[in-house]
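Please read these numbers as outputs of a predicted model, since none were measured by experiment.
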Amino acid sequence: MPISKCPPKSEPLWKAWDRKAQKNGLRHQVFAVNGDHYVGKWKDNLKHGKGTQVWRKNGAIYEGDWKFGKRDGYGTLSLSDQETGKYRRVYSGWWKGDKKCGYGIQFFGPKEYYEGDWCGNQRSGWGRMYYSNGDIYEGQWCNDKPEGEGMLRLKNGNRYEGNWQRGMKNGWGRFFHLDHGQLFEGLWVDNIAKCGTMIDCGRDEAPKPTQFPIPEAKILDPDGVLAEALATFKKTQEEGD
């Protein structure tokens with residue numbers, strides 16, 4: 001009795017095409033429907049490894065590390081300058097889950113930038129901010145604002161050292177009026193000095209000293225008076241809250 005053999009089944013063409021379409025390893029330019037394009041490494045159809053992404057809508061370019069389709073690792077983000085037609089760097093640093101996270105430098109303008117720690121696209125941790133008006137803040141940040149211990153150095157050389165909350169001077173701090181040769185030390189609330197002491201500090205070397213020096217206090221117990229005033233102020237604040 002003759003034996004007939006069934007011919008092996010051939011793989012459907014769509015499976016072969018699908019396998020070829022899978023993006024793994026290094027690929028040249030891959031365009032999206034909206035015009036965005038990417039050059040770099042892939043893994044399981046996701047950007048993974050070193051690569052460069054260009055967004056058509058705003059002309060932004062990211063060059064750096066990717067992890068399963070998201071910016072993760074070290075990378076640089078640049079934007080097109082409409083005035084010059086050239087690209088300007090906006091951020092260079094670390095990313096995690098498509099957000100700035102870790103140490104990085106953000107450029108807000110030609111003379112304004114931040115260098116320090118980030119978390120979830122916000123300045124958080126330690127950092128130094130250079131403002132366009134010449135002021136410099138160095139210290140702790142939280143939720144994109146100065147928070148905790150920090151120092152603000154103004155363009156004219158005066159500086160504040162102390163506590164911050166919600167981006168404002170809050171708590172105990174010292175303000176050095178180096179232009180007048182005076183030092184204020186006391187309690188601040190929302191950028192306003194509420195209670196403290198003012199003394200001469202380097203008045204003879206100051207560029208614009210006050211007309212008269214601060215007279216010596218004649219109170220027998222100035223520290224006690226100040227402590228009592230601070231306690232009264234804090235009690236008033238607590239009752240108001």
Side-chain angles (χ1 to χ4, degrees), residues 23-27 29-30 32 34 36-81 84 86-155 159-171 173:
K23 293 184 282 293
N24 278 291
L26 180 64
R27 285 292 184 98
Q29 288 197 38
V30 176
N34 59 5
D36 299 346
H37 60 275
Y38 171 82
V39 177
K41 291 187 176 181
W42 297 77
K43 184 177 182 180
D44 297 333
N45 277 336
L46 296 172
K47 306 178 186 78
H48 192 85
K50 297 288 184 181
T52 301
Q53 169 82 23
V54 180
W55 287 271
R56 180 175 178 272
K57 186 176 181 179
N58 58 3
I61 296 179
Y62 171 81
E63 300 175 279
D65 298 323
W66 296 79
K67 189 174 182 180
F68 298 115
K70 295 182 179 181
R71 291 169 288 188
D72 203 300
Y74 189 86
T76 299
L77 179 66
S78 302
L79 290 175
S80 177
D81 193 325
T84 62
K86 299 180 180 179
Y87 278 92
R88 59 180 180 85
R89 186 174 51 171
V90 176
Y91 175 81
S92 289
W94 293 91
W95 302 72
K96 186 175 182 180
D98 221 29
K99 295 181 179 181
K100 302 164 194 165
C101 191
Y103 181 84
I105 301 176
Q106 171 86 35
F107 295 89
F108 299 94
K111 298 181 180 180
E112 186 165 298
Y113 65 96
Y114 168 86
E115 55 179 1
D117 298 325
W118 295 79
C119 183
N121 273 344
Q122 293 186 328
R123 291 167 285 188
S124 187
W126 179 93
R128 184 186 295 116
M129 180 71 195
Y130 296 86
Y131 297 94
S132 58
N133 62 0
D135 297 345
I136 301 173
Y137 171 81
E138 181 176 356
Q140 296 174 319
W141 293 75
C142 184
N143 296 327
D144 224 30
K145 294 181 180 179
E147 182 91 14
E149 292 286 337
M151 179 183 70
L152 176 66
R153 186 186 302 115
L154 303 180
K155 183 180 180 180
R159 71 179 186 272
Y160 168 83
E161 299 176 357
N163 291 297
W164 296 77
Q165 190 176 20
R166 305 184 314 278
M168 296 182 287
K169 306 178 190 74
N170 272 286

Next item on the list: For Asp117 and Trp126, indicate whether the former's side chain and the latter's backbone hold a donor-acceptor pair under 3.5 Å.
Entry: yes
Notebook entry, point to check: Nearest heavy-atom pair of Lys47 and Trp42: which atoms, and what distance?
Noted result: N-CE3, 3.7 Å
Check: Between Asp72 and Lys96, is there a side-chain N and carboxylate O pair less than 4.0 Å apart?
Finding: no
Checklist line | Atom pair CG/CH2 of Leu77 and Trp55 - distance to nearest 0.5 Å | finding: 6.5 Å
Margin query: Run Glu115 and Tyr130 through side-chain contact (heavy atoms from CB on, under 4.5 Å) and show every step you take.
Written below: CA-CA 9 Å; Glu115 55 179 1; Tyr130 296 86; 3.5 Å; yes
Checklist line | Interatomic spacing from CD in Gln106 to CZ in Arg89 - rounded to 0.5 Å | finding: 11.0 Å
Check: So how far is it from Asp98 CG to Lys67 NZ, rounded to the nearest 0.5 Å?
Finding: 13.5 Å
Note to self: side-chain contact (heavy atoms from CB on, under 4.5 Å) for Arg128 and Tyr114? Distances and angles first, verdict last.
What the structure shows: CA-CA 6 Å; Arg128 184 186 295 116; Tyr114 168 86; 6.0 Å; no
Checklist line | Main-chain N/O of Asp36 paired to Asn34 side chain as donor or acceptor, under 3.5 Å | finding: yes
Next item on the list: Calculate, to the nearest 0.5 Å, the distance between atoms CH2 and NZ belonging to Trp118 and Lys100 respectively.
Entry: 4.5 Å
Check: Any Lys/Arg nitrogen of Lys50 or Asp65 sitting under 4.0 Å from an Asp/Glu carboxylate oxygen of the other?
Finding: yes
Checklist line | Heavy-atom closest pair, residues His48 and Tyr38 | finding: N-OH, 4.3 Å
Margin query: Against Trp95, only a single residue in Tyr62, Tyr74, Trp66, Tyr103 fulfils ring pair (Phe, Tyr, Trp, His ring centres under 6.0 Å); can you say which?
Written below: Tyr62
Note to self: Cation-pi check for Phe107 against Arg88: NZ or CZ below 6.0 Å from the six-membered ring centre and within 45 degrees of the axis, yes or no?
What the structure shows: no
Notebook entry, point to check: About how many Å separate CG of Leu79 and OH of Tyr91, when rounded to the nearest 0.5 Å?
Noted result: 14.5 Å
Notebook entry, point to check: Between atom NZ of Lys169 and atom CG of Asn163, what is the distance when rounded to the nearest 0.5 Å?
Noted result: 12.5 Å
Check: Can you name the nearest heavy-atom pair linking Gly171 to Tyr160, along with the distance?
Finding: O-OH, 4.4 Å
Check: Hey, does the side chain of Asn170 reach the backbone of Trp164 with a donor-acceptor pair shorter than 3.5 angstrom?
Finding: no
Margin query: Strictly distance-based, threshold 3.5 Å: is any side-chain N or O of Tyr131 a donor or acceptor partner for the main-chain N or O of Tyr137?
Written below: no
For residues 142-151, which side-chain donor-acceptor pairs fall under 3.5 Å, sequence neighbours excluded?
from, atom 1, to, atom 2, distance (Å)
Asp144, OD1, Arg123, N, 2.9
Asp144, OD1, Arg123, NE, 2.9
Asp144, OD2, Arg123, NH2, 3.4
Glu147, OE1, Arg166, N, 2.8

Next item on the list: Decide side-chain contact (heavy atoms from CB on, under 4.5 Å) for Ile105 and Tyr113; before the verdict, give the C-alpha distance in whole Å, the side-chain angles of both, and the deciding distance to 0.1 Å.
Entry: CA-CA 7 Å; Ile105 301 176; Tyr113 65 96; 4.2 Å; yes
